[in-house]
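Structure first, commentary second.
The first residue in the sequence is number 1, and the count goes up from there. As the structure is a computational prediction, the values presented were derived from the model and not from experiment. We use all heavy atoms of the structure for the numbers below, so side chains are in, but hydrogens, waters and symmetry mates are not.
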Amino acid sequence: MNQALLTSSNALYAFLGGLIPAIIWLWFWLKEDPHPEPQKVLARAFVAGAAVIPLAMLVEAFFCESGRLAGLIPDCTVYPFWLLALWAATEELFKFAAAYWAALKYRHFVEPIDAPMYLITAAISFAAMENSIFIFKILSTYQNTEISILTGQLRFLGAMLLHITTSGIVGISIAFSFFHREHRYRNVVGGLFTAALLHALFNFFILKTGGENVLNVFLFVWAAAIAFIFLLEKVKRLKPLTSHLFLNA
């Protein structure tokens, strides 16, 4: 009984540790939208972002096991750059898919700024679920709430902002093709490639430094986030070259 209660408590702390930072980030970024999106669509994107986590984890496990069977890695505790790149690409693809199926394919996508907003919403819930799982593992291993809180704070500053920035890059790429549908697929592929590369580099340097220079890596992410904010301001000013406005079919 005590073990069951402890597990339930750990699950609750982990859930709140992932959800509360997510709500803060979501509130911050949605303020950037001059025309707020429908709450039901944002909620759908938020749920979709969290829902794809199990699928992403399965694909990542497949890549890891395939690498082991092929003799490329001894086990799944070794992280060569190619594996980190595949994992990063997997997560970026699933976040994009969540935002697309929840919002971007529908009539609610009516202006350029909508794309990064929906991508960010899906990314925040994806990161929240990922953080909850991570915190739950730490609580279950160390039974130390202080360590879990510290870990959650670090992931709030680094990992969650990374997910927001990389998915935001994909959203920016889509936004710049809003009035030029013929460039849409090229921009999506380019945005996903850039996002996956940034994501993989972050993970690579975090693992390579062993946490010793984690601040420098976080500064890199914050610099990327600042650049993203400047691009977001440009997206807000995007106007059609003619009176014809692009609307999704």
Side-chain angles (χ1 to χ4, degrees), residues 18-39 41-42 45-46 49 88 91-93 95-96 98-100 102-104 108-128 130-131 152-180 183-184 186-203 205-206 214-240:
L19 181 63
I20 293 174
I23 292 174
I24 295 173
W25 275 125
L26 190 61
W27 170 79
F28 174 81
W29 287 104
L30 290 182
K31 290 197 306 176
E32 296 296 315
D33 190 352
H35 306 108
E37 313 308 324
Q39 291 186 357
V41 184
L42 289 172
F46 191 86
E91 295 188 4
E92 297 307 325
L93 279 168
K95 287 185 292 178
F96 167 73
Y100 177 79
L104 294 178
H108 306 289
F109 181 23
V110 295
E111 57 181 344
I113 192 67
D114 293 350
M117 289 299 105
Y118 288 133
L119 262 296
I120 287 173
T121 301
I124 287 174
S125 62
F126 185 99
E130 188 179 67
N131 288 353
Q153 289 175 338
L154 289 174
R155 293 185 68 83
F156 173 83
L157 295 172
M160 185 166 283
L161 183 59
L162 173 74
H163 278 295
I164 292 169
T165 303
T166 54
S167 288
I169 289 171
V170 180
I172 290 288
S173 299
I174 297 172
F176 281 128
S177 68
F178 187 84
F179 299 111
H180 304 278
H183 299 156
R184 178 70 53 82
R186 182 195 68 184
N187 282 30
V188 168
V189 171
L192 286 170
F193 177 82
T194 304
L197 180 61
L198 177 63
H199 194 152
L201 287 172
F202 173 84
N203 289 339
F205 286 114
I206 282 289
V214 67
L215 181 59
N216 292 334
V217 182
F218 279 10
L219 287 175
F220 168 71
V221 176
W222 278 94
I226 291 172
F228 166 65
I229 291 174
F230 279 113
L231 288 172
L232 200 61
E233 292 301 317
K234 292 192 66 174
V235 167
K236 292 179 185 179
R237 295 193 293 270
L238 284 179
K239 302 292 182 183

List the steps, then state whether side chain to side chain contact (heavy atoms under 4.5 Å, CB included) holds for Asn187 with His180.
-> CA-CA 10 Å; Asn187 282 30; His180 304 278; over 6 Å; no
Test side chain to side chain contact (heavy atoms under 4.5 Å, CB included) on Leu238 and Phe178 and set out the steps.
-> CA-CA 9 Å; Leu238 284 179; Phe178 187 84; 5.6 Å; no
Stepwise side chain to side chain contact (heavy atoms under 4.5 Å, CB included) check, Ile113 with Leu232 = CA-CA 8 Å; Ile113 192 67; Leu232 200 61; 3.6 Å; yes
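Evaluation of the side chain to side chain contact (heavy atoms under 4.5 Å, CB included) rule for Ala225 yields Leu161, Thr165 as partners, not counting sequence neighbours.
The CD1 atom of Ile24 sits 12.0 Å away from atom CZ of Phe28, with the distance rounded to the nearest 0.5 Å. Note that OG1 of Thr121 is 8.0 Å distant from CD of Glu37, once rounded to the nearest 0.5 Å. Note that CD1 of Ile174 and NE2 of His183 are 15.0 Å apart. Values are rounded to the nearest 0.5 Å. Atom CZ in Phe109 sits 10.5 Å away from atom OH in Tyr100 (nearest 0.5 Å). In this structure, CD1 on Ile23 lies 7.0 Å from CD1 on Ile20, to the nearest 0.5 angstrom. For the atom pair CG of Leu197 and NE2 of His199, the computed distance is 11.5 Å after rounding to the nearest 0.5 Å.
Around atom CD of Gln39, no more than 12 heavy atoms belonging to other residues, nucleotides or ligands sit under 6.0 Å away.
When all heavy atoms of Gly168 and Pro116 are compared, the closest pair comes out as O-CB, 4.3 Å. Heavy-atom minimum distance, Pro38 versus Tyr118: CD-OH, 3.8 Å. Val170 and Ala195 get closest at one heavy-atom pair: CG2-CB, 3.9 Å. Closest approach of Leu192 and Glu92 over heavy atoms only: CD2-O, 3.7 Å.
A donor-acceptor contact shorter than 3.5 Å is absent between the side chain of Asn203 and the backbone of Ala200. Using modelled atom types, one side-chain atom of Ser125 and one backbone atom of Ala122 make a donor-acceptor pair closer than 3.5 Å.
Ring geometry, Trp29 versus Phe228: the interplanar angle falls from 30° to 60°, so the pair is classed tilted.
Annotation: side chain of His163 is not in contact with side chain of Ile124 (no heavy-atom distance under 4.5 Å).
Only one option out of Leu119, Asp114, Val41 pairs with Leu104 in a side-chain contact (heavy atoms from CB on, under 4.5 Å); it is Leu119.
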